[in-house]
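Below, chains carry the letters A, B, ... as their sequence lines are ordered, and counting in each starts from 1. Bear in mind the structure is a predicted one, so any value in this text is a computation, not a measurement. Both backbone and side-chain heavy atoms feed into the values below; hydrogens, waters and symmetry mates do not.
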There are 2 protein chains.
Amino acid sequence: MNSGASPLLEATVTELALALGQLVRRVRAESNPDGLTWSQTAALARLQAAGATTTADLARLEQVKPQSMGATLAELEREGLVERTPHPSDGRQVLFALTDAGVEARRKSSAAKQSWMLAAIAELDPQQQQTLIAAAALLSRLAGAHLKEGAA
Amino acid sequence: MNSGASPLLEATVTELALALGQLVRRVRAESNPDGLTWSQTAALARLQAAGATTTADLARLEQVKPQSMGATLAELEREGLVERTPHPSDGRQVLFALTDAGVEARRKSSAAKQSWMLAAIAELDPQQQQTLIAAAALLSRLAGAHLKEGAA
DNA sequence: TATTGTTATACTCTATAACTATA
DNA sequence: TATAGTTATAGAGTATAACAATA
């Protein structure tokens with residue numbers, strides 16, 4: 001199907017996938033030694049942006065299964081970076097939020113962890129930086145495009 | 001150092017990392033049922049672009065350790081998609097290349113596997129498409145920026 | 001001694017399946 | 001019966017360490 005698709009766009013998809021792979025490995029490789037993994041950092045960032053949130057909602061935001069998010073949150077809780085409070089009206093749900101230590105970890109993390117990427121972007125010319133800023137939003141949109149929503 | 005870094009760029013790094021995570025999961029989730037995994041697809045794409053290549057060179061291209069690339073190539077060989085030939089002058093090296101089945105797998109793969117991404121990009125307006133085309137190259141460049149090269 | 005590649009082992013991330021508790 | 005979360009298990013993808021063969 002869609003055999004008339006633009007060859008340029010096809011090449012772009014391939015190039016994008018390849019670049020993505022490289023970049024993901026780089027982020028992972030560069031991220032770590034202090035302890036927080038990438039998915040932990042991402043969950044922390046989502047919690048900071050969204051405030052108290054349930055496992056299921058976080059899973060939707062990050063587009064992983066609730067079980068996967070549950071495992072990440074359990075580890076963050078074990079490390080004292082997030083804490084759980086029961087949902088006020090629904091006994092099944094659990095709300096997660098950053099602890100003070102979690103906020104602090106976030107602060108350090110943003111600055112330090114991807115500093116290599118920040119430095120690399122800082123060296124680009126302004127127009128290229130603009131391209132990346134615009135691309136960040138587009139990539140996020142792409143990730144969620146045409147998802148068969150499990151529920152409404 | 002660089003405590004005066006632009007807050008806008010810092011936010012971009014965070015947003016980029018978040019978008020990257022989502023997109024990678026989506027690519028992986030969307031990719032599979034036919035058998036080829038993402039890293040296998042990437043290795044195949046590199047081999048098609050570069051021709052006969054050693055494990056170490058492929059590892060450099062994909063920015064993984066030679067052992068990791070070795071595992072991927074071993075699996076592809078088991079599936080008959082790549083074949084090895086001894087290096088003509090250096091007995092330590094092994095050259096890998098696509099088999100006919102590998103070329104065919106590539107052809108199908110480009111078209112089918114990331115068709116969801118192709119469709120999503122096709123729906124963007126031309127300027128946004130241009131942004132992504134430019135971003136693909138920039139992201140790849142970012143991935144390799146300031147790498148401490150193990151050797152020269 | 002340095003380089004290419006292999007084997008063995010471990011960890012992260014994620015998924016699916018099965019279960020409990022609550023709605 | 002449907003939803004939120006947990007527990008158990010498995011597989012992909014990668015890394016590090018230790019090793020063999022060749023340069």
Relative to the 5' end of DNA chain D, which residue comes earlier, A:Thr55 or A:Gly21, by the nucleotide with the nearest heavy atom?
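Per heavy-atom nearest nucleotide, the more 5' residue is A:Thr55.
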I need the minimum non-hydrogen distance between A:Glu62 and B:Arg25, along with the two atoms involved.
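Here A:Glu62 and B:Arg25 meet closest at O-NH1, 2.6 Å.
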Considering non-hydrogen atoms only, spot the tightest contact between B:Ala135 and A:Thr131 and give its length.
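For B:Ala135 and A:Thr131, the tightest heavy-atom pair comes out as N-CG2, 3.9 Å.
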Closer than 4.0 Å, any side-chain N/O of [X] to the OP1 or OP2 of [N]?
X: A:Thr37; N: C:dC13; result: yes
X: B:Arg28; N: D:dA12; result: no
X: B:Ser39; N: D:dG13; result: yes

Quick one: [X] [atom1] to [N] [atom2], roughly how many Å, whole number?
X: B:Leu73; N: C:dT6; atom1: CG; atom2: P; answer: 8 Å
X: B:Gln40; N: D:dG13; atom1: CD; atom2: P; answer: 6 Å
X: A:Met69; N: D:dT7; atom1: CE; atom2: P; answer: 17 Å
X: B:Gln93; N: C:dA2; atom1: CD; atom2: C1'; answer: 13 Å
X: A:Leu58; N: D:dA4; atom1: CG; atom2: C1'; answer: 13 Å
X: A:Leu36; N: C:dC11; atom1: CG; atom2: C1'; answer: 16 Å
X: A:Glu30; N: D:dA15; atom1: CD; atom2: P; answer: 13 Å
X: B:Lys65; N: C:dT9; atom1: NZ; atom2: C1'; answer: 17 Å

Most 5' of A:Pro66 and B:Leu95 on DNA chain C, judged by nearest nucleotide
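Comparing both residues, the 5'-ward one is B:Leu95.
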Check whether any side-chain heavy atom of A:Arg106 lies under 4.5 Å from a side-chain heavy atom of B:Thr14, and answer yes or no.
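Answer yes - side chains close enough.
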Short of 4.0 Å, heavy atom to strand atom, which residues of residues 74-92 of chain A count as contacting DNA chain D?
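Those residues whose heavy atoms fall under 4.0 Å from DNA chain D, taken from residues 74-92 of chain A in numerical order, are A:Arg84, A:Arg92.
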Minimum-distance nucleotide to B:Thr54 side chain [options: C:dC13, C:dG5, C:dA15]:
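When the side chain of B:Thr54 is considered, C:dG5 is the closest of C:dC13, C:dG5, C:dA15.
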Quick one: label A:Ser68 by what it contacts on the DNA or RNA (base, sugar-phosphate, nothing), any heavy atom closer than 4.0 Å.
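Answer is base: heavy atoms of A:Ser68 come under 4.0 Å of a base.
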Starting from B:Leu9, can I reach B:Leu18 by hopping between I/L/V/M/F/W/Y residues whose side chains sit under 4.5 Å apart?
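B:Leu18 does not cluster with B:Leu9.
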Pairs under 3.5 angstrom, nitrogen or oxygen only, protein versus nucleotides 8-10 of chain D, please.
none

